[in-house]
Number of protein chains: 2
Amino acid sequence: MSPTTGAEPGPDARAGRPPGRARRGLPDGSGLSSSEGRRAPSVTGRVFSILEAFDGDHRALTLTEIARGAGLPVSTAHRLVGELTGWGALERGADGAYRVGLRLWEVGSLAPRSVGLRERAMPILEDLYEAVRQNVQLAVRDGHEIVYVERLAHPEAVRVFSRVGGRWPLHPTAVGQVLLAHAPPVVQESVLTERLVAYTPKTVTDPAALRRVLAAVRRDGVAVCDGMIDLMALSVAAPVRGEDDTVVAALSVVVPSPSEGGGIEPRTLVPAVRAAARGISRALGAPTATRSDAVARPGGPRAGS
Amino acid sequence: MSPTTGAEPGPDARAGRPPGRARRGLPDGSGLSSSEGRRAPSVTGRVFSILEAFDGDHRALTLTEIARGAGLPVSTAHRLVGELTGWGALERGADGAYRVGLRLWEVGSLAPRSVGLRERAMPILEDLYEAVRQNVQLAVRDGHEIVYVERLAHPEAVRVFSRVGGRWPLHPTAVGQVLLAHAPPVVQESVLTERLVAYTPKTVTDPAALRRVLAAVRRDGVAVCDGMIDLMALSVAAPVRGEDDTVVAALSVVVPSPSEGGGIEPRTLVPAVRAAARGISRALGAPTATRSDAVARPGGPRAGS
DNA sequence: CCTTCGCTTCCGGTGAACGGAAGGAACCCT
DNA sequence: AGGGTTCCTTCCGTTCACCGGAAGCGAAGG
């Protein structure tokens, strides 16, 4: 294979592919390996780079693919993958390809910010899902990105690009805007100085405009994003607060965009989303969610019916 | 291929671990660290032992607790935990305790046997959940144990001990019996020669009796466990088949045991559970689930294997 | 005050990890 | 059949990253 293989970050990326972390290129013997490609020379670092070779579009990899993706010699990859497989972090299928193993998932399921949160939120998510029969999503912030923790999708609902465990930037998603609006100021400023990628013509990319959006989100307690990632979809999100009353997650509903002929008036979703988010906050022990003011009044926590 | 290709990883590092909570021998300073379960002295092995220090009852650990649990010197644990935290496999809370991090959960969510399966099964699980309004569970087998992959619990349903990501032995659970009944003969024999722990007086512990139960499960296409783990609960499980028509998972419903005054007649659940399991099998592309015979009445074709 | 406990840093010796190279098994395409 | 390609596995001498005891720190508590 000629040396051109992974030079470009996203030659394979289809339409709606999130800005996944830059895939590590080959060692790239062109001398000038520079400082950027800071590769941790530790064993642990190498193990991580192996795990990072797997992502939503690459769930099954051969040894050689792993080695290439992780930037490791095959013999090294072979040894480490062998250990990973022995423990159960990876599994080898009958086809010889490696996949992420059950044991690793099992440990991951102890993460409080994902499964812990999910456990308490699930009943309310279900109620909301039953009420709207569309896409319902729950996400948390990790650095400058959101990570989807749970997603309930009706088969006939508008198609969305999110995936449980998937990452997206903060600025073009309703959950992201909610989480950013309530993030520490350092994070906000940092994001506002980054280049804000446009996914559609409707994406907010101007820092000043985004700043206004965030202020509105804080004021209204909801974020509404129409066609910022996909012109067909509109999403409404509200913040979920934890014990110390900080925003720990965001909840959203995604419906067909009215500008594309969606039949749902987004404004009717706002009370339901806000109520469900408050319901989860209460389940988490948020102090303000136990008071009874603040929410207008349409519909109780059970969002209809 | 090599000796270990395909099939079960025979030697299996983790088969020895008793299914219950019992785990983690404290260093117990008695000098005699023995050779008992000595862990591989590789860096990777140490990292695994750190991850293993976390479990359902220990989701937040201090550095010292991790070191003790993993059987490592504090300074060593400190260095490795530092690397794990830097990558995101662990997170350190404001209280100084370490928890499993989002990044690790994220990689784990790429495991085909958990989330991959879950994604396709979810709509059907939801339908079943709506229909019965009780506990609905989905589990796979890993070695001599089951691992719960998904669980929907009604707040007012009978309380069960399972947890997403949790492990249980095969013989006392309905899902376990289904998975064991369709496991490779090697696994079955191996389990039948183990000591079968009794959780209640009703637990099957006699190998011959279990063998008859498994035959019945294969014949009927369902397993029914009444009070084998918890006298209050009864569960009904059915097999889920994958593309190659092997049993890849099991689905169950848990209701209050009729002998304890539960209001539901278990027999009425059988068709619903069986139908849901077939629905998931079909979603996974199982050949027999697309035909319309085979399960119509007990004593159908399938019996062998 | 001193003690205890847990976390962090330091540093010299050493053995585990490294990876090039060679061997082997499939699987192409002539 | 034969030569070419790709991928996996094993081997082994070199070296450097890992190891962990010890000491320093800060906080809690008696």
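Proteins get letters first, then strands, A, B, ... in listed order; numbering begins at 1 in each.
Ranking dG20(D), dC8(D), dC18(C) by closeness to the Arg92(A) side chain, first place goes to dC8(D). Among the nucleotides dT8(C), dC18(C), dC19(D), the one closest to any side-chain atom of Val74(B) is dT8(C). With dC7(D), dA17(C), dT8(C) as the choices, the nucleotide that has an atom nearest any side-chain atom of Tyr98(B) turns out to be dT8(C). Comparing atom distances between the Leu63(A) side chain and each of dC18(D), dT9(D), dT8(C) picks out dT9(D) as nearest. Taking only side-chain atoms of Arg46(B), from C-beta outward, the nucleotide of dC8(D), dG20(D), dG19(C) with the closest atom is dG20(D). Of all nucleotides listed (dG19(C), dC7(D), dC18(C)), dC18(C) comes nearest to the side chain of Leu80(A). With distances taken from any side-chain atom of Ser75(A) to the nucleotides dG19(C), dT8(C), dC18(C), the minimum falls on dG19(C). In this structure, the nucleotide among dC8(D), dC18(C), dT9(C) sitting nearest to the side chain of His78(B) is dT9(C).
Remark: of the listed residues Arg151(A), Met122(A), Glu150(A), Glu150(A) is the sole one forming a side chain to side chain contact (heavy atoms under 4.5 Å, CB included) with Leu138(A).
Listed for the Thr76(A) side chain is no donor-acceptor partner under 3.5 Å among the backbone atoms of Leu72(A).
Side-chain nitrogen and oxygen atoms of Arg79(B) include none within less than 4.0 Å of the OP1 or OP2 phosphate oxygen of dC10(C).
Counting any heavy atom pair closer than 4.0 Å across all strands shown, Thr76(B) reaches a base atom.
A salt bridge between Glu91(B) and Arg99(B) is absent, with no side-chain N of the basic residue lying under 4.0 Å from a carboxylate O of the acidic one.
Using a 3.5 Å distance cut-off with no hydrogens or angles, the side chains of Ser190(B) and His144(B) do pair a donor with an acceptor.
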